[in-house]
Colleague: 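The structure that follows is given in the form of structure tokens.
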Amino acid sequence: MTITIVGGTGAMGLIFGIRLAQQGHTVTLLDVNPVAIDAVNRAGGRLTNKTGEVETVTNLRATADATTIDTTDVLIVFTKCYWTESALLNALPCVGPETTVLSLQNGWGNYDVITAIIPPEQVLVGVTYVSGTTLAPGHARQVGNPLVYMGRVGHAADASVHLIAQAIDAAGFTTTVSDNILNEVFGKLAINVTTLPTSALLGMQAHQLIENDSTIALMDDLLRELVAVVSTRGVTMLFDERRAAIHHLLKNAVGARGSMLQDVEAKRQTEIDVINGAIVSMGQQAGVPTPVNETMVRLIRGLESTF
Ligand SMILES: NC(=O)C1=CN([C@@H]2O[C@H](COP(=O)(O)OP(=O)(O)OC[C@H]3O[C@@H](n4cnc5c(N)ncnc54)[C@H](OP(=O)(O)O)[C@@H]3O)[C@@H](O)[C@H]2O)C=CC1
Ligand SMILES: CC(C)(CO)C(=O)C(=O)O
């Protein structure tokens, strides 16, 4: 399969690109970061795995120029959400009528942004529980849970979805094709809404969030609001089940640094608008109060204003 990853030299792009290249796929990392592109083309993509070993993969290339890439079978989107539109427009030279575009980004709204550019029948969305950190240009660390959920929005998956899912699964990510993928997107959003701003504001690693009553109570409040909001969209989410899933994930994510914490440390814009900001907007539309999520948005925006 030919696979192009947009945002490919970022933390998640490198992890998926390296794992897919190790399976023999023709992988191209499309990115705008010249230092990371150069590092990959000179020394290969490097991945520090869960046991601390560094794996180096040289059968992949990186570029900023989509016109140098043949029409790709699959385009995986792994930019920060605020770059999705411009990154996709830049990627169009390697997208044909048979290309499948798959977003595994966090946040709410990726499907709408992508389908404003790419026909919906070519678009898949999903989520992943892998946690990635950039250690150096062209070098990422993979921790977290290697789970992926993907599917077609509003339609059952066909054979082509299963083929891509099999490729991702064979690359070491336990992959589930879902016929109700937006439920999975909301389930992941619940994890991001509760954990990402909390860890970013307090400088805490994932497992530290469940080591004291105050952060547990704060995350409960954020989750309660999200459950109330998504119920107005016909999504049944059980508070206790999601809370247990979040605690389980955090307990098993020792050493993981949430992507928003990494953004704050790098003094980079965060994805707060498509995470807690999305809950605030949906709450406003449905008449559901979301004061705790609104406070997190204000705190993160305040922090961003100091960068
Ligand atoms: N990190 C994590 O643990 C997880 C992240 N996610 C989600 O995955 C997505 C990617 O996150 P992450 O890998 O951490 O982010 P990174 O910032 O590490 O990577 C994003 C990459 O996209 C590049 N980029 C920016 N603009 C463009 C463009 N126009 N065209 C192509 N590439 C571009 C960036 O370059 P530059 O550096 O120069 O800006 C960077 O190399 C986000 O939605 C995040 O929420 C999901 C699960 C876990
Ligand atoms: C939940 C977590 C940590 C990993 O899946 C994540 O989504 C992120 O850091 O953005």
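Counting from 1, the numbers follow the sequence of the chain as shown. In listed order, ligands and their atoms are each counted from 1.
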Colleague: For a quick test of reading the model, state the closest non-hydrogen atom pair linking L196 to S199 and the distance between them.
Modeller: O-OG, 3.2 Å
Colleague: Distance to 0.1 Å, residue and atom name: give those for the protein heavy atom nearest to atom 43 (O) of ligand 1.
Modeller: E271 OE2, 2.8 Å
Colleague: Is a salt bridge present between R243 and D240, judged by a nitrogen-to-oxygen distance below 4.0 Å?
Modeller: no
Colleague: Which ligand 2 atoms, with their elements, are less than 4.0 angstrom from a heavy-atom of Y129?
Modeller: 4 (C), 5 (O)
Colleague: When you measure from the heavy atoms of L261 to every atom of ligand 2, does any distance fall below 4.0 Å?
Modeller: no
Colleague: Angle class for the F16/F78 ring planes (parallel below 30°, perpendicular above 60°, tilted otherwise)?
Modeller: tilted
Colleague: Is it the case that E304 and T270 place a side-chain donor and acceptor less than 3.5 Å from each other?
Modeller: yes
Colleague: Looking only at protein heavy atoms, which one is nearest to atom 7 (O) of ligand 2, and how far off is it?
Modeller: K188 NZ, 2.9 Å
Colleague: If you have a sec, work out which protein heavy atom is nearest atom 48 (C) of ligand 1 and how many Å separate them, to one decimal?
Modeller: V130 O, 3.1 Å
Colleague: In the protein, what heavy atom is nearest to atom 30 (N) of ligand 1, and what distance, to one decimal place, separates them?
Modeller: A87 CB, 3.4 Å
Colleague: Taking atom types as modelled, find out whether S178 and N180 have a side-chain donor-acceptor pair closer than 3.5 angstrom.
Modeller: no
Colleague: For atom NE2 of H248, decide whether the heavy atoms of other residues, nucleotides or ligands shown that lie under 6.0 angstrom number more than 12.
Modeller: no
Colleague: Looking at F239, does the NZ or CZ of R224 lie under 6.0 angstrom from its six-membered ring centre and within 45 degrees of the ring axis?
Modeller: yes
Colleague: Against heavy atoms of G258, which atoms of ligand 2 measure under 4.0 Å?
Modeller: 9 (O)
Colleague: Could you tell me the residue and atom name of the protein heavy atom closest to atom 39 (O) of ligand 1, and the distance to it rounded to 0.1 Å?
Modeller: V32 CG2, 4.7 Å
Colleague: Give me the residue, atom name and distance of the protein heavy atom closest to atom 6 (N) of ligand 1.
Modeller: N106 ND2, 3.5 Å
Colleague: Considering non-hydrogen atoms only, spot the tightest contact between Q142 and F173 and give its length.
Modeller: NE2-CE2, 4.0 Å
Colleague: Tell me which one of L60, V40, L47 satisfies side chain to side chain contact (heavy atoms under 4.5 Å, CB included) with L14.
Modeller: V40
Colleague: To the nearest 0.1 Å, how far is atom 6 (C) of ligand 2 from its closest protein heavy atom, and which atom is that?
Modeller: N192 ND2, 3.6 Å
Colleague: Could you identify the single nearest non-hydrogen protein atom to atom 10 (O) of ligand 2 and state the distance to 0.1 Å?
Modeller: S259 OG, 2.5 Å
Colleague: Would you mind listing which atoms of ligand 1 come within a distance below 4.0 Å of any non-hydrogen atom of S131?
Modeller: 3 (O)
Colleague: Quick one: does K188 get a heavy atom under 4.0 Å from ligand 1?
Modeller: yes
Colleague: Could you see which bit of N106 sits under 4.0 Å from ligand 2, with heavy atoms only: side chain, backbone, both or neither?
Modeller: side chain
Colleague: Do you see a donor-acceptor pair shorter than 3.5 Å between the side chains of S160 and D158?
Modeller: yes
Colleague: Please report whether ligand 1 has a polar contact with A11, defined as an N or O pair separated by less than 3.5 Å (distance criterion only).
Modeller: yes
Colleague: Before signing off on this row, confirm whether Q262 and ligand 1 have an N or O atom pair separated by under 3.5 Å.
Modeller: no
Colleague: Write out the residue and atom name of the closest protein heavy atom to atom 36 (P) of ligand 1, then the distance separating them to 0.1 Å.
Modeller: N33 ND2, 4.1 Å
Colleague: Would you kindly specify which portion of T133 sits under 4.0 Å from ligand 1, judged on non-hydrogen atoms: side chain, backbone, both or neither?
Modeller: neither
Colleague: Should E294 and R298 count as an ion pair when the cut-off is N to O under 4.0 Å?
Modeller: yes
Colleague: If only side-chain N and O atoms count, and only distance matters, is there a donor-acceptor pair under 3.5 Å linking Q105 with E271?
Modeller: no
Colleague: Let me know which of T72, L75, T63 forms a side chain to side chain contact (heavy atoms under 4.5 Å, CB included) with T28.
Modeller: T63
Colleague: Grab the two heavy atoms, one from H139 and one from T48, that are nearest each other, plus how far apart they are.
Modeller: NE2-OG1, 2.7 Å
Colleague: May I ask whether V130 places a heavy atom under 4.0 Å from ligand 2?
Modeller: yes
Colleague: Minimum heavy-atom separation for F186 to M282, with atom names?
Modeller: CE2-CE, 3.9 Å
Colleague: Checking R61 against T68: is there a side-chain donor and acceptor pair closer than 3.5 Å?
Modeller: yes
Colleague: Is it the case that ligand 1 has an N or O less than 3.5 angstrom from some N or O of G132?
Modeller: yes
Colleague: Does R257, backbone or side chain, put an N or O under 3.5 Å from an N or O of ligand 1?
Modeller: no
Colleague: Would you check whether F78 has a nitrogen or oxygen atom less than 3.5 angstrom from a nitrogen or oxygen atom of ligand 1?
Modeller: no
Colleague: Quick test: of every protein heavy atom, which one is nearest to atom 17 (O) of ligand 1, and how far off is it to 0.1 Å?
Modeller: K80 CE, 3.5 Å
Colleague: Taking both backbone and side-chain atoms of D31, is any N or O found less than 3.5 Å from an N or O belonging to ligand 1?
Modeller: yes
Colleague: Would you please determine whether A36 falls within less than 4.0 Å of ligand 1 on a heavy-atom basis?
Modeller: no
Colleague: Could you tell me which atoms of ligand 2, counted from 1 in the order shown, lie closer than 4.0 angstrom to a heavy atom of T128?
Modeller: 5 (O)
Colleague: Nearest to atom 4 (C) of ligand 1, what protein heavy atom do you find, and at what distance?
Modeller: M12 SD, 3.5 Å
Colleague: Just jot down the ligand 2 atoms closer than 4.0 angstrom to any heavy atom of L196, in number order.
Modeller: 8 (C), 9 (O), 10 (O)
